Amino acid sequence: MIKGQFATHAELFDLSGKRALVTGGSRGIGMMIARGLLQAGVRVVISSRNAEACAQAQEQLSEFGDVWAVPADLSRHEECARLAHLVTADSGSLDILVNNAGAMWDEPLATFPDVAWDTVIDLNLKSPFWLVQALLPALRTAGTADDPARIINIGSIAAIHIPQRPNYSYSSSKAALHQLTRVLAKELGPQHITVNAVAPGPFPSTMMAATLDEFGEEIAASAPLRRIGRDDDMAGVAVFLASRAGAYLTGTIVPVDGGIATTA
Ligand SMILES: NC(=O)c1ccc[n+]([C@@H]2O[C@H](COP(=O)([O-])OP(=O)(O)OC[C@H]3O[C@@H](n4cnc5c(N)ncnc54)[C@H](OP(=O)(O)O)[C@@H]3O)[C@@H](O)[C@H]2O)c1
């Protein structure tokens with residue numbers, strides 16, 4: 001071991017001076033990630049459709065660091081391009097892209113409608129792709145061989161095991177996002193950009209509220225770790241993947257699920 005060739009503990013996880021975009025950062029998992037990145041020193045832009053929710057989240061998160069909220073409907077291609085332009089207008093550089101905004105649609109097979117495919121695929125699959133495309137120049141500018149830029153896609157364990165709920169387009173969109181993660185990892189690695197996915201298990205959020213109200217205890221009991229996810233579980237994995245500690249991972253799908261799908 002040669003001194004000077006390895007980082008101190010603080011350097012391994014310090015993200016001071018980095019810039020990140022966290023989509024869907026106004027609540028739930030996106031807000032958990034935004035908070036973790038802010039605490040590690042990142043300047044964070046969050047985004048969601050609702051302007052009032054954006055402003056409130058910005059106020060809440062500003063306790064932890066430098067945060068700016070930009071309303072945008074990311075299910076639309078032109079809105080992804082507009083957001084990408086706004087985020088990079090000042091520096092032309094972006095270190096971390098977290099593609100987190102997502103939607104779910106639960107409905108029995110017999111009545112599952114067309115709109116449930118378009119709505120979910122547009123936001124969960126096409127939007128991360130459009131954002132990567134629009135932000136590539138900025139990610140390339142930020143990344144180096146020693147410290148690559150990072151793309152973190154939020155997938156789901158619904159794409160790893162078979163979900164209990166009839167959410168056909170949702171689990172399919174997440175399986176496709178996991179595959180897109182690996183495809184982009186191979187192409188973008190040589191350009192000094194890592195691409196990984198986090199596959200959350202159950203975390204408290206608006207999306208999961210009804211399920212956790214009804215089945216929360218049962219779901220927690222079914223997990224080998226006997227609980228649902230907490231804010232720090234999500235903040236921690238995002239900081240790890242964005243930091244020097246995570247610089248040599250790419251094309252991975254990291255389940256953060258207390259063992260629910262990993263031991264199924
Ligand atoms: N919670 C879980 O247990 C769980 C498990 C596995 C995976 N996930 C994944 O984690 C991600 C976050 O989910 P969550 O549970 O935190 O859900 P959530 O509480 O419903 O949050 C979703 C976020 O995305 C934003 N959003 C929704 N539609 C949007 C659109 N068209 N354009 C831009 N932003 C939009 C929402 O804000 P607006 O409504 O204001 O737009 C909100 O900020 C999703 O990709 C989800 O699939 C969650």
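Counting starts at 1 for both ligands and their atoms, in listed order. Sequence positions, counted from 1, serve as the residue numbers for this chain. Any value given below was found using the heavy atoms of this structure, including those in side chains, with hydrogens, waters and symmetry copies removed. Please read these numbers as outputs of a predicted model, since none were measured by experiment.
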Arg19 and Asp90 ion-paired at < 4.0 Å: yes
How does Ala53 reach ligand 1, by side chain, by backbone, by both or by neither, if only non-hydrogen atoms under 4.0 Å count? neither
Does Arg227 come within less than 4.0 Å of Asp233, counting only side-chain N to carboxylate O? yes
Verify whether one side chain among Asn99 and Thr23 offers a donor that lies under 3.5 Å from an acceptor in the other. no
So, are Arg82 and Asp73 salt-bridged, with charged N and O less than 4.0 Å apart? no
Under 3.5 Å, N or O to N or O, is Leu74 touching ligand 1 that way? yes
Interfacing atoms of ligand 1 (cut-off 4.0 Å, heavy-atom, Tyr170): 6 (C), 7 (C), 8 (N), 9 (C), 46 (C), 47 (O)
What do we get for Met208 next to ligand 1 when only non-hydrogen atoms under 4.0 Å count, side chain, backbone, both or neither? side chain
Which of the atoms of ligand 1 are close to Asn50, meaning less than 4.0 Å from one of its heavy atoms? 40 (O)
So is Lys174 polar-close to ligand 1, meaning N/O to N/O under 3.5 Å? yes
If we only consider heavy atoms of Pro204, is any one of them less than 4.0 Å away from an atom in ligand 1? no
Show me the side-chain donor-acceptor pairs of residues 176-190 shorter than 3.5 Å, one per line, residues at least two apart or across chains.
unit_1	atom_1	unit_2	atom_2	d
His178	NE2	Ser156	N	3.2
Gln179	OE1	Arg182	NE	3.1
Gln179	OE1	Arg182	NH2	3.2
Thr181	OG1	Asn153	ND2	3.0
Thr181	OG1	Leu177	O	2.7

By number and element, which atoms of ligand 1 are closer than 4.0 Å to a non-hydrogen atom of Gly28? 16 (O)
Using distance alone, decide if ligand 1 has a nitrogen or oxygen within less than 3.5 Å of any nitrogen or oxygen in Arg49. yes
Checking a contact table here: which protein heavy atom is nearest atom 13 (O) of ligand 1, and how many Å away? Met207 CE, 4.0 Å
Answer yes if the side chains of Ser16 and Asp14 hold a donor-acceptor pair under 3.5 Å, and no otherwise. yes
Within the structure, does Thr206 bring an N/O atom to less than 3.5 angstrom of an N/O atom in ligand 1? yes
Asn100: numbered ligand 1 atoms lying under 4.0 Å from its heavy atoms: 10 (O), 11 (C), 12 (C), 44 (C), 45 (O)
Atom pair CH2/OH of Trp105 and Tyr168 - distance to nearest 0.5 Å: 14.5 Å
Below 4.0 angstrom from a heavy atom of Gly102, which ligand 1 atoms are there? Numbered from 1 as shown, please. 24 (O), 44 (C), 45 (O)
Among all the protein's non-hydrogen atoms, which is closest to atom 35 (C) of ligand 1, and how far away is it? Ala101 CB, 3.9 Å
Ligand 1 contacted by Thr23 (non-hydrogen, < 4.0 Å): no
Does Pro202 come within less than 4.0 Å of ligand 1, judged by its heavy atoms? yes
Thr141-Ser93 side chain donor-acceptor pair, cut-off 3.5 Å: no
Ala245 backbone acceptor or donor facing Ser243 side chain under 3.5 Å: yes
So how far is it from Ile193 CD1 to Leu97 CG, rounded to the nearest 0.5 Å? 10.0 Å
Would you kindly specify which portion of Met104 sits under 4.0 Å from ligand 1, judged on non-hydrogen atoms: side chain, backbone, both or neither? neither
For atom 10 (O) of ligand 1, what is the nearest protein heavy atom, given as residue, atom name and distance? Ile154 CG2, 3.4 Å
Just need the protein heavy atom nearest to atom 37 (O) of ligand 1, so name the residue and atom and give the distance. Ser48 CB, 3.2 Å
Whether Gly229 lies under 4.0 Å from ligand 1, heavy atom: no
First locate atom CG of Leu15, then atom CZ of Arg244, and finally report the distance between them rounded to the nearest 0.5 Å. 12.0 Å
With backbone taken as N, CA, C and O and side chain as the heavy atoms from C-beta onward, which portion of Leu123 lies under 4.0 Å from ligand 1: side chain, backbone, both, or neither? side chain
Which word best sums up how the rings of Trp130 and His77 line up, parallel for under 30°, tilted for 30 to 60°, or perpendicular for over 60°? parallel
Could you tell me if Ser173 and Asn124 have a donor-acceptor pair between their side chains, going purely by distance under 3.5 Å? yes
For atom 6 (C) of ligand 1, find the nearest protein heavy atom and state the residue, atom name and distance (0.1 Å precision). Pro200 O, 3.3 Å
At under 4.0 Å between heavy atoms, is it the side chain or the backbone of Ala72 that contacts ligand 1, or both, or neither? backbone
What protein heavy atom lies closest to atom 16 (O) of ligand 1? Include the residue and the distance to one decimal. Ile29 N, 2.8 Å
Top protein contact for atom 43 (O) of ligand 1, by heavy-atom distance: Ser26 OG, 2.8 Å
By the definition side-chain contact (heavy atoms from CB on, under 4.5 Å), identify the one residue from Ser127, Pro128, Ser47, Ser75 that meets it with Cys80. Ser127
For a quick check under 3.5 Å, do Ser205 and Arg27 share a side-chain donor-acceptor pair by atom type? no
The closest protein heavy-atom partner of atom 15 (O) of ligand 1 is Ser205 OG, 2.5 Å
N/O of Gly201 under 3.5 Å from N/O of ligand 1, yes or no? yes
Which atoms from ligand 1 have a heavy atom of Ser156 less than 4.0 Å away? 6 (C), 7 (C)
